[in-house]
Amino acid sequence: MKMRTHTCGQLRSAEAGTPVQLCGWVDSVRDHGGLVFIDLRDRYGVTQCVFDPRDSQAAWDTAQACRSEYVVQISGEVRLRPADMVNPHMATGTIEVRSRSITVLNKAHTPPFPLEDRGAEHVGEDLRLEFRYLDLRRGSMQQALLLRHRVLQAARNYFDEQQFVEIETPVLTKSTPEGARDYLVPSRLCPGLFFALPQAPQQYKQLLMMAGLDRYFQIARCFRDEDLRADRQPEFTQIDLEMSFVTVEDIIAVVDGLIARVMQEAGHPVPALPLPRMTWREAMDRFGTDKPDLRFGMEIVDLAQVFHGTQFKVFARALENGGAVKAINAKGLFQAPIKMVEEDWTGLAKEGGLGGLAYIRVQQDGTWKSPIVKFFSEAEKTALQAALDIQPGDLVLFGADHADKVLPVLGRLRLLAGAHAGVIAPDQFRFTWVTGFPLFERSEEGRLVSVHHPFTAPVPEDLPLLDSEPEQVRAQAYDIVLNGTELGGGSIRIHDPEFQARMFKILGLPEAEVQERFRHLLRALEYGAPPHGGLAIGADRLVMLLAGRQSIRDVIAFPKTQKALDVMMNAPSAVDEKQLRDIHIKLAVTPKAEP
RNA sequence: GGGGUCGUAGCUCAAUUGGUUAGAGUACCAGACUGUCGAUCUGGGUGUUGCGGGUUCAAGUCCCGUCGACCCCGCCA
């Protein structure tokens, strides 16, 4: 005999008269003294079960003693509800189960927070995480996990159709000091040596191309020991892929198809393909960021022409020093609190290295209120109005300094202004590719470092600049961006061992270090490496955006808190002496007592 | 490492200028009720105001420290 014949979301009018047995959680008990109603819940839905003492006194007794979240088994018969008792808000609202017996499979304490989505949305997240198994009983959390499953399943199907092979790569691997901080795992068999958990399967997937696997993908867990954010967890999931004998165009086409498939699976409008593209330079100039949010305007406008030869010293000095004067028009925000503009936003500009933040508030009658307008000539005002399409009610924000300082500041102000104005449509999905990233940038110490990673191939026509002006060299790298979030990125890799060695040299890596860290890769390149490239998409971020959530924690079953703690399992935790002895570790600190 | 918001009943929150016995909704408990479905009605407060110290006649409120959650900067090749 099965424990249940149907699920709690399954029964309809067609089953009227059928004997059924249901299992689930007590969602609510409504005790009328005579009749008792139990709403029985499982993953699939809720079914109303009615207990009438005239049907079974024993069942009625048990039913009225049930409490929320008891796990019960109910058997009875499906019955059509009278027309005036149909509940149009329930999928199973046309029927109920006339119950003849009920078994309490397990009692339950009163939950520490309400499990109805209505009451649970404002519950402290730390409490939800401590009792995550209860939090995950909630419909909205189950929907999120279900969407995640469907998106990943759709990705698997898509890649399978495209002749990709799913291959697992090691989780115990080698530390790579560049990039993010590694999670380390001590080796018991090799005293004093450590594995690292992978930040990404980068080198393994390249080696799979050299193995001739040609098209690889993996839903890969990755680990980075860095500080957390709403969209960053120390362990996260990438949809990782790599292809041989391809150009940038081939990879973008495959990912375009994946995006379309996933959007369809999530029930969102499928974007027209190919997805739009812009260069990194254009993204920086128009949006002040390499991950532009295209859901609203307020784009950055260059004012070098407008203020050429201006009397306003701040702008004149910036332009004379090879800098820039740029602005955004925060449309309609002339009444933004002056405190926000002069303290929060100006503070942000100063953090970004600017001297301050100039602004104009355009009153409804068209007059410009601003500390700086008095320095502008009539011609400048006219040109400025035209350049920024200034209308009554607008707020114009200026930045004047070197472009690489001005642009990021205006980019961040644009996002704040857009949010403040409420013009960022939450239900829109605006994808864009960003291509042509610089290959190198200068580190704080002035050293040349890879923007992406040291295996990234340069754009061929920029090769002559490699030694003379390395910072002008563009990479064959690309990011896929959705609504201002970097979803993923990748590149065409270097497949020539001599060129790869030259790259390490340009990056200033000592030969000994190259040998220690990358010998396997350089050697593999010498045994017949195909041209190849790939990309990785942040699966958590993708699902978060598709689900309309604000945090990736909402689409991860068991996420960590901002201090990277698992407050349900209470991890990390102290270990005993013997465990430490086994792995040859001596603690330099006494662990803080656990909470 | 830095900036910010917060911490009061199981949960979500309130508590005037520092002033009586810390309240409300909900949950929970008990009772009533044969058609409810956010059931209803009656009754019940279940509290280490995160923790430690200080100021004061008096602290949920002010000060110092500390712990924790969240958001952001740095960081994330």
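Just so we're clear, the structure is a prediction, and the values are computed from it rather than from any experiment. Values below: all heavy atoms of this structure, side chains included; hydrogens, waters and symmetry mates excluded. Chain naming here is simple, since letters A, B, ... match the order of the sequence lines and numbering starts at 1 in each.
With a cut-off of 3.5 Å on both Watson-Crick or G-U wobble distances, the partner of B:rU46 is given as B:rA27. Under the Watson-Crick or G-U wobble criterion, with both distances below 3.5 Å, B:rC62 is paired with B:rG54. The partner of B:rU16 cannot be assigned: no Watson-Crick or G-U wobble pair with both contacts below 3.5 Å exists in any strand. For B:rA69, the paired base is B:rU5 (Watson-Crick or G-U wobble, both distances below 3.5 Å). Across all strands shown, B:rC76 has no partner, as no Watson-Crick or G-U wobble contact with both distances under 3.5 Å is found.
In this structure, A:Glu130 reaches neither bases nor backbone, as no heavy-atom distance under 4.0 Å exists between it and the strands shown. Using a 4.0 Å heavy-atom distance criterion, A:Arg224 is classed as a sugar-phosphate-only contact. As judged by a 4.0 angstrom heavy-atom cut-off over every strand, A:Val123 is placed among residues touching the sugar-phosphate backbone only. A:Arg81 comes within contact range of at least one nucleobase, with a heavy-atom separation under 4.0 Å. Among the heavy atoms of the strands, none lies under 4.0 Å from A:Val46. Across all strands shown, A:Leu127 has heavy atoms under 4.0 Å from sugar-phosphate atoms exclusively, and none from any base. At a threshold of 4.0 angstrom between heavy atoms, the contacts of A:Gln562 include nucleobase atoms, whether or not backbone atoms are also involved. A:Leu509 comes within 4.0 angstrom of nothing in the nucleic acid, heavy atoms only. At a threshold of 4.0 angstrom between heavy atoms, the contacts of A:Arg79 include nucleobase atoms, whether or not backbone atoms are also involved. Using a 4.0 Å heavy-atom distance criterion, A:Asp31 is classed as a base contact. Contact annotation for A:Arg412: backbone-only contact, meaning every heavy-atom pair under 4.0 Å involves sugar-phosphate atoms and none involves a base.
Rounded to an integer number of Å, the gap from A:His122 NE2 to B:rC70 P is 17 Å. Going from atom NE2 of A:His89 over to atom P of B:rU36 covers 14 Å, rounded to whole Å.
B:rU55 and B:rG44: their C1' atoms are spaced 40 Å apart (whole Å). B:rU12 and B:rU66 are spaced 27 Å apart, taking the C1' atom of each and rounding to whole Å.
For the OP1/OP2 pair of B:rC73 and a distance below 4.0 Å, the side-chain nitrogens and oxygens of A:Arg229 include at least one atom meeting the criterion. Phosphate proximity of B:rC71 to A:Arg553: present, with a side-chain N or O under 4.0 Å from OP1 or OP2. Between A:Lys563 and B:rG68 there is a side-chain polar atom (N or O) within less than 4.0 angstrom of OP1 or OP2. Within the structure, every side-chain polar atom (N or O) of A:Thr110 is placed at least 4.0 Å from both OP1 and OP2 of B:rG10.
The cationic group of A:Arg100 does not satisfy the cation-pi geometry with A:Phe51, failing either the under 6.0 Å distance to the six-membered ring centre or the 45° limit from the ring axis.
A perpendicular orientation is assigned to the rings of A:Phe37 and A:His32, their planes being inclined by more than 60° (bins at 30° and 60°). The aromatic rings of A:Phe518 and A:His520 lie tilted to each other, with the angle between the two planes from 30° to 60°.
Remark: the A:Asp84 side chain and the B:rG35 base include no donor-acceptor N/O pair separated by less than 3.5 Å. Contact of A:Glu125 with B:rG68 (side chain to base): no donor-acceptor pair of N or O atoms is detected under 3.5 Å.
Remark: ring of A:Phe37 overlaps the six-membered base ring of B:rU36 in a stacked fashion, centroids less than 5.5 Å apart, planes less than 30° apart. Stacking annotation: A:His32 is not stacked on the base of B:rG35 (requires ring centroids less than 5.5 angstrom apart and an interplanar angle below 30 degrees).
A:Asp61 and A:Gln57 are linked by a side-chain donor-acceptor pair at a separation below 3.5 angstrom, with hydrogens and angles left out of the test. In this model, a donor atom of one side chain and an acceptor atom of the other lie less than 3.5 Å apart for A:Arg493 and A:Ser491.
For an aromatic pair to be called close, the ring centres must be under 6.0 Å apart, and A:Phe236 with A:Phe223 fails this.
Put simply, the side chain of A:Thr279 does not reach to within 4.5 Å of the side chain of A:Phe437, judged on heavy atoms.
Checking B:rU34, B:rC37, B:rG1 against the side-chain heavy atoms of A:Arg54 singles out B:rU34 as nearest.
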